[in-house]
Amino acid sequence: MSLKVYNTLSRQKEDFEPLQAGMVSMYVCGPTVYDKAHVGHAMSSLVFDTIRRYLEYRGYKVKHVMNYTDVDDKIIVRALREEVEFIEVAQRYISEYGRHIDELNILHADVYPRATDEIGHIIEMVEDLIEKGYAYAAEGDVYFRVEKDDDYGKLSRRKLEDMQSGARIDVDERKENPMDFAVWKAAKEGEPAWGTPWGKGRPGWHIECSAMSLAHLGEQMDIHGGGNDLVFPHHENEIAQTESLTDKPFAKYWMHNGMLQLSGEKMSKSLGNLITIDDFLADHNADALRMIILNSQYRGPLTFNNEVIEQAERALERIHSAFRPANAGAAGLGDKAGELQEQVEAAKNSFVTAMDDDFNTPGALASIFDLVRNINQARDNGANEEEMAAAQGAIRELAGVLGLRLAAKDAADVDAKPFIDLLSQSEKELGKSETAADLSTAEAIDTLLVVRQELRAAKMWEQSDKVRDELAELGVVIEDSKDGATWRWK
RNA sequence: GGCGACGUGGCCAAGUGGUAAGGCAUGGGUCUGCAAAACCCUGAUCACGGGUUCAAAUCCCGUCGUCGCCUCCA
């Protein structure tokens with residue numbers, strides 16, 4: 001069993017062998033913080049969180065770095081519009097993204113470097129590039145000299161000639177080659193700027209990641225990740241800059257997640273067809289978003305729409321069904337308990353096999369669903385709590401590797417009043433004296449079930465169904481069985 | 001125009017040479033006063049056309065379609 005990882009650089013799945021045995025360094029390009037983050041950003045963070053979790057499950061010690069781009073044109077534009085300092089805009093959205101990371105159950109990176117905190121490193125790097133002839137200053141801007149870089153284009157598989165002929169960019173007279181890109185930008189009046197030997201200015205977009213990864217992970221790293229829209233020019237340029245200086249392969253494995261598709265198009269700020277993370281979480285659980293992402297292979301495009309959200313929520317309910325308690329009076333599986341244990345082993349093995357194949361999360365989910373079925377079958381066959389516990393623990397463990405919380409709603413977080421009202425109403429109809437009004441939510445629901453049972457015993461179907469219907473409106477599902485009724489949160 | 005990815009049952013989606021995982025939905029059944037859940041059963045030859053092979057969804061060529069990048073972008 002060995003882990004295979006698809007490397008954008010080679011366009012092939014390769015055996016995963018980190019530079020240092022047992023250790024993995026991983027740098028993921030984070031957002032440019034000029035606006036609210038959308039579910040596409042979340043997808044990237046969730047994909048690499050899952051990769052990290054699995055690497056850790058496989059026993060690797062992972063050093064995870066995710067940067068924030070906190071100075072760029074769009075941030076500056078926004079700050080001017082709001083009449084605040086650019087850093088204020090950046091800080092606002094960095095704080096917000098940090099909150100999303102927790103809401104989405106994404107493990108914290110070891111470092112969250114920000115461009116403006118590392119200007120010193122960046123300037124040093126630009127100086128080095130100029131000194132070695134890989135970059136040149138022109139009226140305060142500094143450009144990378146692509147023709148000096150023999151293998152420029154190797155990541156995105158482009159040739160300089162092809163790009164020049166089809167390029168939609170304006171030819172800048174100051175560039176030696178139209179494809180030369182800025183590593184440093186001269187500041188215009190009123191823009192944030194830092195002093196350098198070639199004038200006041202700010203970093204180009206690509207140089208920050210090079211400088212920060214160099215500072216935090218060294219000259220080489222194992223995994224460099226991001227959305228596949230970053231392959232060119234961002235990552236291509238990072239490679240050009242960094243390898244020109246170090247003369248060593250920058251990242252061993254380049255990993256890119258596919259784009260989330262909303263109504264057939266990439267969700268992006270410029271297209272204006274985005275759903276923010278806040279929008280999504282206002283109506284749905286974080287597990288639902290993760291489920292959608294896990295259901296497809298990370299490299300491919302991801303269909304995102306209301307139907308898919310609904311399907312993911314139903315699929316989660318299915319996983320939750322494995323955690324329902326044993327049937328009342330379960331006799332136990334006895335000799336047959338071994339079968340469930342074998343099924344647990346089988347599920348774990350197929351989970352690892354799937355994940356080892358370039359993080360095939362849909363396959364991993366299939367293993368979990370198979371085990372869910374096995375548990376439910378065992379319950380139907382009379383398994384007791386103890387017999388189900390190990391299998392349920394395995395579901396929790398494997399789902400946890402995928403970052404699913406599977407948290408049950410806690411009755412203590414729900415206001416008891418509507419349930420108590422419903423209870424006294426029902427008791428009135430039954431002609432009973434009313435129960436004390438200081439019940440907890442859970443107690444009120446338990447008592448409602450008792451009352452409903454009395455109504456049913458009296459064949460007062462209309463009234464008993466009303467209790468069920470009204471509880472359903474409050475989010476409580478009642479399930480009858482021959483051993484009595486149980487309830488759960490929908 | 002250049003580069004790249006993709007097209008699998010109603011929907012989402014694995015599978016990249018030996019006759020197609022999983023989830024959602026549908027229909028039937030068990031259970032049930034009814035319902036819900038769970039469980040059982042139920043359906044695809046893999047965009048289209050050629051070719052290679054004993055054998056292809058899986059390799060090659062072509063066609064059509066969708067999408068991404070080439071400009072800021074997860």
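Just the heavy atoms: all of them, side chains too, but no hydrogens, waters or symmetry mates, feed the values below. It should be emphasised that the depicted structure is a prediction, and the values quoted were computed from it without experimental measurement.
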Donor-acceptor pair (no angle test) under 3.5 Å: Asp480(A) side chain, rC34(B) base: yes

Please give, in whole Å, the distance from [N] [atom2] to [X] [atom1]?
X         : N       : atom1 : atom2 : value
Asp358(A) : rA14(B) : CG    : P     : 12 Å
Glu236(A) : rG4(B)  : CD    : P     : 13 Å
Arg299(A) : rC69(B) : CZ    : P     : 18 Å
Glu462(A) : rA35(B) : CD    : C1'   : 15 Å
Tyr6(A)   : rA5(B)  : OH    : C1'   : 9 Å
Asn228(A) : rG68(B) : CG    : P     : 10 Å
Arg290(A) : rA13(B) : CZ    : P     : 19 Å
Met26(A)  : rA74(B) : CE    : C1'   : 14 Å

Phosphate oxygens OP1/OP2 of rG15(B): is one of them under 4.0 Å from a side-chain N or O of Asn360(A)? yes

Between [X] and [Y], what is the ring plane arrangement, given parallel below 30°, perpendicular above 60°, and tilted in between?
X         : Y         : value
His206(A) : Phe181(A) : perpendicular
Tyr54(A)  : Phe359(A) : perpendicular
Tyr57(A)  : Phe351(A) : perpendicular
His235(A) : His256(A) : tilted
Trp489(A) : Trp487(A) : perpendicular

Using a 3.5 Å distance criterion without hydrogens, assess whether the side chain of Asn327(A) forms a donor-acceptor pair with backbone atoms of Ala330(A). no

I'd like to know if the side chain of Asp287(A) reaches the main chain of Leu406(A), judged simply by a donor and an acceptor atom lying under 3.5 Å from each other, with no hydrogens or angles considered. yes

Given [options], the nucleotide with the shortest approach to the side chain of [X]:
X         : options                   : answer
Arg452(A) : rA36(B), rC34(B), rA74(B) : rC34(B)
Arg157(A) : rG33(B), rC3(B), rA74(B)  : rC3(B)
Val308(A) : rA74(B), rA38(B), rC12(B) : rC12(B)
Met259(A) : rA74(B), rC72(B), rG33(B) : rA74(B)
Thr303(A) : rA13(B), rA38(B), rG4(B)  : rA13(B)

Could you tabulate the donor-acceptor pairs under 3.5 Å formed by side-chain atoms of residues 386-394 of chain A, not counting sequence neighbours?
| unit_1 | atom_1 | unit_2 | atom_2 | d |
| --- | --- | --- | --- | --- |
| Glu387(A) | OE1 | Leu333(A) | N | 2.7 |
| Glu387(A) | OE1 | Asn384(A) | N | 2.9 |
| Glu387(A) | OE2 | Leu333(A) | N | 2.9 |
| Glu387(A) | OE2 | Gly334(A) | N | 3.3 |
| Gln392(A) | NE2 | Ala322(A) | O | 2.7 |

Base, sugar-phosphate alone, or nothing: which one does [X] contact when heavy atoms must sit under 4.0 Å apart?
X         : value
Asn376(A) : sugar-phosphate
Gly225(A) : nothing
Glu313(A) : nothing
Val477(A) : sugar-phosphate
Ile292(A) : nothing

Say we look at [N] and [M]: how far apart would their [atom1] atoms be, to the nearest angstrom?
N       : M       : atom1 : result
rU8(B)  : rG15(B) : C1'   : 9 Å
rA36(B) : rA25(B) : P     : 12 Å
rA35(B) : rG29(B) : P     : 11 Å
rA14(B) : rC6(B)  : C1'   : 15 Å

Under a 3.5 Å limit for both distances, which nucleotide forms a Watson-Crick or G-U wobble pair with [N], could you say?
N       : answer
rC59(B) : rG51(B)
rC67(B) : rG4(B)
rG9(B)  : none
rU16(B) : none
rA21(B) : none

Hey, what are the protein-to-nucleotides 21-25 of chain B N/O distances that come in under 3.5 Å?
| unit_1 | atom_1 | unit_2 | atom_2 | d |
| --- | --- | --- | --- | --- |
| rG22(B) | N2 | Asn295(A) | OD1 | 3.1 |
| rG23(B) | OP1 | Arg373(A) | NH2 | 3.2 |
| rG23(B) | N2 | Gln311(A) | OE1 | 2.9 |
| rA25(B) | OP1 | Arg314(A) | NE | 2.7 |
| rA25(B) | OP1 | Arg314(A) | NH2 | 2.8 |

His41(A) versus His100(A), side-chain donor and acceptor atoms under 3.5 Å: no

As a test of understanding, state which of Asp73(A), Asp72(A), Asp141(A) forms a salt bridge (Lys or Arg N to Asp or Glu O under 4.0 Å) with Arg202(A). Asp73(A)

Val372(A) vs Tyr298(A), nearer the 5' end of RNA chain B by closest nucleotide: Tyr298(A)

Nearest-nucleotide comparison on RNA chain B, the residue closer to the 5′ end among Asp72(A) and Arg11(A): Arg11(A)

